2 protein chains.
Amino acid sequence: MKKFSFGTPEKFVPSFFCKGFRYEETPVSFSEDRFSCRDLGKGFLVEYETEPGTEIWGFGLQLKHFRHTGTKLTIRNNADPQTPTGDSHAPVPFFVTNKGYGIFVDTARYAEFYSGRKKKTSAAEKGGNEISLSTTELYSAKTALETTYMSIYIPVAHGVDLYVIEGGTVGDIVAQYNMLSGGGCEVPDWGLGVLYRCCGRYDRHQIQDIIDYFKEKKMPCDTFGLEPGWQTRSYSCSYMWNPQRFPEHEEFVKSVIDDGYHLNLWQHGFVHPESPIHDALLPYSGDYRVWDGLVPDFSLPEARKIYAEHFRRVAVSLGIDGFKIDECDGSDNTDGWSFPNYAEFPSGMDGEVYHNLFGVLYAQTILETLEGRPTLSEVRSMGALAASYPFVLYSDLYDHRDFVRGMVNAGLSGLLWAPEVRGCRSRKDMLRRMQTVVFSVHCLVNAWNYEGIPWVIYDCEEEIRALLELRRSLVPMLSKAFAKYHETGVPPIRALLMDYSDDPETYGIDDEYLFCEDLLVAPVIGDGSDTREVYLPQGKWVDFFTGEEVSAGRFTVTTEGIPVYRRVSEPVSEPRDGIMDRGS
Amino acid sequence: MKKFSFGTPEKFVPSFFCKGFRYEETPVSFSEDRFSCRDLGKGFLVEYETEPGTEIWGFGLQLKHFRHTGTKLTIRNNADPQTPTGDSHAPVPFFVTNKGYGIFVDTARYAEFYSGRKKKTSAAEKGGNEISLSTTELYSAKTALETTYMSIYIPVAHGVDLYVIEGGTVGDIVAQYNMLSGGGCEVPDWGLGVLYRCCGRYDRHQIQDIIDYFKEKKMPCDTFGLEPGWQTRSYSCSYMWNPQRFPEHEEFVKSVIDDGYHLNLWQHGFVHPESPIHDALLPYSGDYRVWDGLVPDFSLPEARKIYAEHFRRVAVSLGIDGFKIDECDGSDNTDGWSFPNYAEFPSGMDGEVYHNLFGVLYAQTILETLEGRPTLSEVRSMGALAASYPFVLYSDLYDHRDFVRGMVNAGLSGLLWAPEVRGCRSRKDMLRRMQTVVFSVHCLVNAWNYEGIPWVIYDCEEEIRALLELRRSLVPMLSKAFAKYHETGVPPIRALLMDYSDDPETYGIDDEYLFCEDLLVAPVIGDGSDTREVYLPQGKWVDFFTGEEVSAGRFTVTTEGIPVYRRVSEPVSEPRDGIMDRGS
């Protein structure tokens, strides 16, 4: 891995805020003079010529797109990514290629990445003024046009640091990127169990009824989540327990914990004038409000301290050890809520930069609040160099296919993603989604906008219990995978191409993924057909449930369950001879 | 109307390129000290406090949103606007309010408009550090939070010119905005007739078959459009007649014109290496290619001259007097085609600015090509100060409801929009869409991707003929409306609130519109119910088709036809006493 510095990089970049940041230079074959840079005054441009056949993946939690070759992506924080523009809950300026390298661009700007572009000059060689109508001349023009570029534009900036990471497989490259930020996060086993979020309107008694249901029916659950209803104000937030819905809340919290469960509290970062910490946060907040609430500058120790002390008082001291950090992304739709891109924060950051750092800095604040207590919490926005944070991303969007793609993409950028189950349109839809959730990093059922238990109306309690028990049985395997994530940077969920970078068949696969050490999961999506196509890369495979041998390659499978296969041979990878040859 | 200059405005702005630009200062009651400005280094910010109850409309061809109060909109050129973000084929930095004024922001940047925002300071008055839990204190905080702002952020710029336009009605304000660019366009009657675009794959004989069909069946048609097939190369363009599909094309063109029809030629602005003008345009083009083609800098006389001379030779000299200028918008989706925002053009413009000016400069080039021959042509992108160009906008998107909203919004920004008919999902869908098209500025049937005649398979030739004949009968009325558009700036199609600005009932209506002098059109959308709700503002109305009196107010109508009403009394408007009072 080698860092290349161009121009005068900005101060407020992901590495500046990354506590575990550890960069050690190692020689790379990617030569610096491949890069050409220009300070355009309004922004900074870095370009390099790409080898023929270059494929590109990454850029964070991309729900709409996987294989980014030949696209334009803008790394912009957005809670409503509706189209494949690069907008994301968790955009990350890091991409990997099939040419033996990946590049991390150390910026929090809405950077634009254009791949496969051609320049005017690339045809100039054709020269002359003759009218070319013969195929020969046309062909000569065509060949002159073959040269393509990767262009990286960082608005506002006058320079940037790039980290070129080389490896034998895409997985190696991603692992090194994750180690750059201190390795994967450490997670308690209970966090890998079942999390059930209760209806936002519920009071303590209604929530107790839900808990009692799980106990009586022996439904596995490790954590219950409280939605906005626990507060006196939630849009914006007061961060104060609601005495009507939660009288004697300390006693309520204690009883739930004494029952052996953990509790997770919903919140977002916009501070209502009624909140006891509002006035103290005034000097440490941005100059615009969101839903009448202050936007704290979580890069400031003062803001973190006020926040952490309050949440220790109202939550952690009671035994609460998990949080759901909502709304820290903002949206270009839904009236474009959240602070403007030109907002100014006391630290000196502007709104654009803070949008891309908000989730990470907020997560850091929560970790300070917890003072070392283990957690696996939730956050709706993350960014670059975030592998070491025990926070799982989620979304209000709800397309099952997109959610599976999110799992495949998240692992390419040091992110964790929960394809949560909410209400469903049918019994089968419920079961299909739950099957996917069981084989994800976070077994999350989110009934925040749902009275009652989502699966009860579909009369599939037995099946759901079996799936949640299956999840419980996977925890040791997940725990081991997270330990490896922490030590080596290899994530627990991976795109096939991360382990099989020599196999072009895997380059477009975003509906299957590798799970923990040696499983391959191919969820069946939707409540229609029970049949799907599966691709197993070269090697020996057995059915995870039956142990029967399954031969590699493409085949169709029909099942009411979820197709899962165990790899019984090491992946074959010959970086130097295969397609994964080094560039330049 | 008064121009306010702040900081150092940029050179490449809409007014700089607007040939008919004529600004005359008149006193306004909107005081300059309402504005506060800041040069943020990375961009320029203008803000002012909005009066309570301020409503906002405008911003160009917005297909997804009408009433913009409390939203964030980014005025960015985009061929695939999927969500209400401000992205548009024709974004315009001009908005109107219900407070007696509108503001035109003279910029070609992707400016951001935030309305109804609140500032940190607006609660600071609350002061103190006491924990406020009483409703009284909370209320005091709330009232302190009532102050809202309109914030206008222009990236990159260090200053901007604003034009504050005041008027008694929204219509008055829009008319003044249109006169600023020379008034509405002049259009030949044939342009207001029927335009039929033939399948892109068709050769001269297949197109002749279509023309013969219209002649034999006595289907009204004034212009036939040729799609990409006429060229040897189309993505990018060669601008050369295809000898295989169009042998002896001069003779073909002549025969069509001799039959009394006009011909319209498809093209876009990306110049294939094979094109005879490619090499001549090299020095006058941007530094990136699109689909291997050059991007000419149409702000340069040299580029226009090369272009115009070529098209006079291959088209105008043959009698062709209409063009369809495609793809001049670009997209954030579909792989983000078109040139990058940081592209550089010989004139000194960058890609961001050129994206927002491309359509207008291209249209100017076409008008130079035509050397004064009257036309009503098509273009897929426009921008600010474009009222005087005889070009109608269109889109590949195809939602009937959005298309009607487009008509209502276009009239608020000096734009013309065609809710074209293509293939339809049912007989009724076809008839409903055609009814809307008949009562639009451009009666366009676009069969570019359709073999045969769209309506024939639905066996509704009689009904379509009747509708096209109805359109023909409306041409004198439309011709008069366009003459008024040219002289006064009052557009032929208007949102109800333009004429009835005192009537809050009209503020949200984006599925009805005023047509020409005194018609109100309320299209029935979709192939489901034949019933819809109609609102007629205060005044006397009669049914356009039956002449029967209809009383004002809200009512439901059920019909297989299109509800159209004629106003037989002048709209009542008391700007100074009504809701349309002046700000400040």
Side-chain angles (χ1 to χ4, degrees), chain A residues 40-43 45 70-74 80 82-85 112 114 117-124 126-133 137-138 141-142 144-145 151 153 155-156 232 240 273-274 276 278-280 282 285-289 292 294-295 332-333 335-337 340-342 344 350, chain B residues 40-43 45 70-74 80 82-85 112 114 117-124 126-133 137-138 141-142 144-145 151 153 155-156 232 240 273-274 276 278-280 282 285-289 292 294-295 332-333 335-337 340-342 344 350:
Chain A
L40 302 178
K42 68 174 199 160
L45 179 64
T71 65
K72 164 194 174 186
L73 294 176
T74 304
D80 295 302
Q82 305 287 337
T83 53
T85 59
E112 298 174 22
Y114 294 74
R117 300 292 150 153
K118 298 179 180 178
K119 297 199 178 185
K120 175 168 87 172
T121 48
S122 57
K126 188 171 152 295
N129 278 308
E130 79 288 355
I131 295 173
S132 60
L133 290 178
E137 288 177 54
L138 180 59
K142 275 279 174 220
L145 286 172
S151 305
Y153 175 68
V156 183
T232 53
M240 295 294 286
E274 179 184 344
H278 173 277
D279 296 345
L282 261 176
S285 299
D287 54 355
Y288 288 85
R289 289 175 173 270
D292 287 3
L294 291 176
V295 186
D332 271 359
N333 319 337
D335 293 347
W337 58 270
N341 293 320
Y342 51 77
E344 292 182 333
D350 63 30
Chain B
L40 303 177
K42 66 172 201 161
L45 179 64
T71 65
K72 164 193 173 187
L73 293 177
T74 304
D80 295 302
Q82 304 287 338
T83 53
T85 59
E112 299 173 21
Y114 294 73
R117 300 291 150 154
K118 297 179 180 180
K119 296 199 180 186
K120 176 168 90 173
T121 49
S122 59
K126 186 170 154 295
N129 279 309
E130 80 287 355
I131 295 173
S132 59
L133 290 177
E137 288 176 56
L138 181 59
K142 275 276 175 227
L145 286 173
S151 306
Y153 176 68
V156 183
T232 53
M240 295 294 285
E274 179 183 343
H278 174 278
D279 296 344
L282 261 175
S285 298
D287 54 354
Y288 288 85
R289 290 175 173 269
D292 288 1
L294 289 176
V295 185
D332 271 359
N333 318 337
D335 293 347
W337 59 268
N341 293 320
Y342 51 78
E344 294 182 333
D350 63 32

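By convention in this document, chain letters (A, B, ...) are assigned in the order of the sequence lines, proteins followed by strands, and residues within each chain are numbered from 1. Just so it is clear, the model here is predicted, and its values are computed rather than measured.
Of the charged side-chain nitrogens involved, at least one lies within less than 4.0 Å of a carboxylate oxygen, so that A:K42 and B:D350 count as a salt-bridged pair.
Checking side-chain atoms of B:R289 against main-chain N and O of A:K118 turns up no donor-acceptor pair under 3.5 Å. Although no hydrogens or angles enter the test, the distance criterion places a donor-acceptor pair under 3.5 Å between the side chain of A:K120 and the main chain of B:L282.
Remark: the B:D332 side chain and the A:T85 side chain contain no N/O donor-acceptor pair separated by less than 3.5 Å.
How far CG of A:L45 is from OH of B:Y342: 5.5 Å, rounded to the nearest 0.5 Å. Rounding to the nearest 0.5 angstrom, the gap separating the CG atom in B:N341 from the OH atom in A:Y114 is 4.0 Å. Distance CD/A:Q82 to CG/B:N333: 10.5 Å, rounded to 0.5 Å. Note: B:Y288 OH to A:K119 NZ = 4.5 Å, rounded to the nearest 0.5 Å. Atom NZ of B:K72 is separated from atom CH2 of A:W337 by 11.0 Å, given to the nearest 0.5 angstrom.
Your options are B:P84, B:G43, B:S285, and the one with the most heavy-atom pairs under 4.5 Å with chain A is B:S285.
In this structure, chain A has heavy atoms under 4.5 Å from both the backbone and the side chain of B:S151.
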